[in-house]
Amino acid sequence: MSRPIEHVFADGAAAAENLARRIGAVLGEAIAARGVAGIALSGGQSPRPVLEALSGLPLDWGKVVVTLVDERWVAPDHADSNERLIRETLLTGAAAKARFVAMKNDAGDAYAGAAACEAVFAALPWPLDIVLLGMGEDGHTASLFPQARELAEGLSTQARVLAMTPPAAPHQRMTLSAGAIVDSRHIFLQIGGAAKKAVYDRALAGGSVEELPIRLALCQDKVPVEVWISD
Ligand SMILES: O=C1O[C@H](COP(=O)(O)O)[C@@H](O)[C@H](O)[C@H]1O
């Protein structure tokens, strides 16, 4: 198993700026090579400065497909909505020309919405050029949470998305499956702060993917992984 390439920064702002430039370069190369670029973004707090920096880069945004690695099953204007984060940070100015593909639909809960979401996701330009992951201090990535009832399915299913109820976090989720995450050309991971760095080091050292789902990305040889680490 190859070790991820690590980009280490003393502060989060410098890491975010560097990661945004790397994302822009990969998307630009994809557009030049195939006429289209696809990226799946994480939500939560970590991506915010990256998305703000990415939004200002001079890309042919009309050729970029943007989607999510996971979504909380809340209205798109809810404070916890990952879609809202992407719309507010990335899809502004010239970047508003990108085609955004939402995970949330009108179904009353994530389980009822999964089939329609799967149909939408089947039409994305796979393999995606970039999957940008975050990680929680419990080792979850996307919404693949340790001890979740649906984790085994998320690690093994052929489906690209599945509904999930986090054992200890709010809101039902829709998440990419492990198979969809590694159906990509690049996996980028953000690790900010000492607590997450300790979990990341533990995940690289060993253990099971059930205990630390981030291992699904770190412990595979199909897709190159780069990690942006900051204090
Ligand atoms: O719930 C989620 O958590 C993870 C980590 O979020 P962060 O705020 O600690 O960066 C995130 O990657 C995921 O997309 C999100 O829905």
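Both counts, for ligands and for their atoms, begin at 1 and track the order of listing.
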According to the salt bridge (Lys or Arg N to Asp or Glu O under 4.0 Å) rule, which pairs have a member within residues 114-130, sequence neighbours left out?
R34-D129, D129-R185

Suppose we screen for side chain to side chain contact (heavy atoms under 4.5 Å, CB included). Which residues come up paired with S208, at least two apart in sequence or across chains?
E210, E211

Cationic N near anionic O, under 4.0 Å, K104 to E83:
no

Electrostatic pair R160-D183, nearest N-O below 4.0 angstrom:
yes

Side chain to side chain contact (heavy atoms under 4.5 Å, CB included) with K197: which residues, sequence neighbours excluded?
I191, Y200, D201, I229

Closer than 3.5 angstrom, by distance alone: can the side chain of S184 be matched with the main-chain N or O of I181 as a donor-acceptor pair?
yes

Could you give the N/O to N/O pairs under 3.5 Å linking ligand 1 and the protein, each with its distance?
| from | atom 1 | to | atom 2 | distance (Å) |
| --- | --- | --- | --- | --- |
| ligand 1 | 1 (O) | R72 | NH2 | 3.0 |
| ligand 1 | 1 (O) | R173 | NH1 | 3.0 |
| ligand 1 | 3 (O) | H140 | NE2 | 3.1 |
| ligand 1 | 8 (O) | Q45 | N | 2.7 |
| ligand 1 | 9 (O) | K196 | NZ | 2.7 |
| ligand 1 | 10 (O) | S46 | N | 3.2 |
| ligand 1 | 10 (O) | S46 | OG | 2.4 |
| ligand 1 | 14 (O) | G43 | N | 2.9 |
| ligand 1 | 14 (O) | D70 | OD1 | 2.6 |
| ligand 1 | 14 (O) | D70 | OD2 | 3.4 |
| ligand 1 | 16 (O) | D70 | OD1 | 3.3 |
| ligand 1 | 16 (O) | D70 | OD2 | 2.6 |
| ligand 1 | 16 (O) | R72 | NE | 3.2 |
| ligand 1 | 16 (O) | N82 | ND2 | 3.2 |

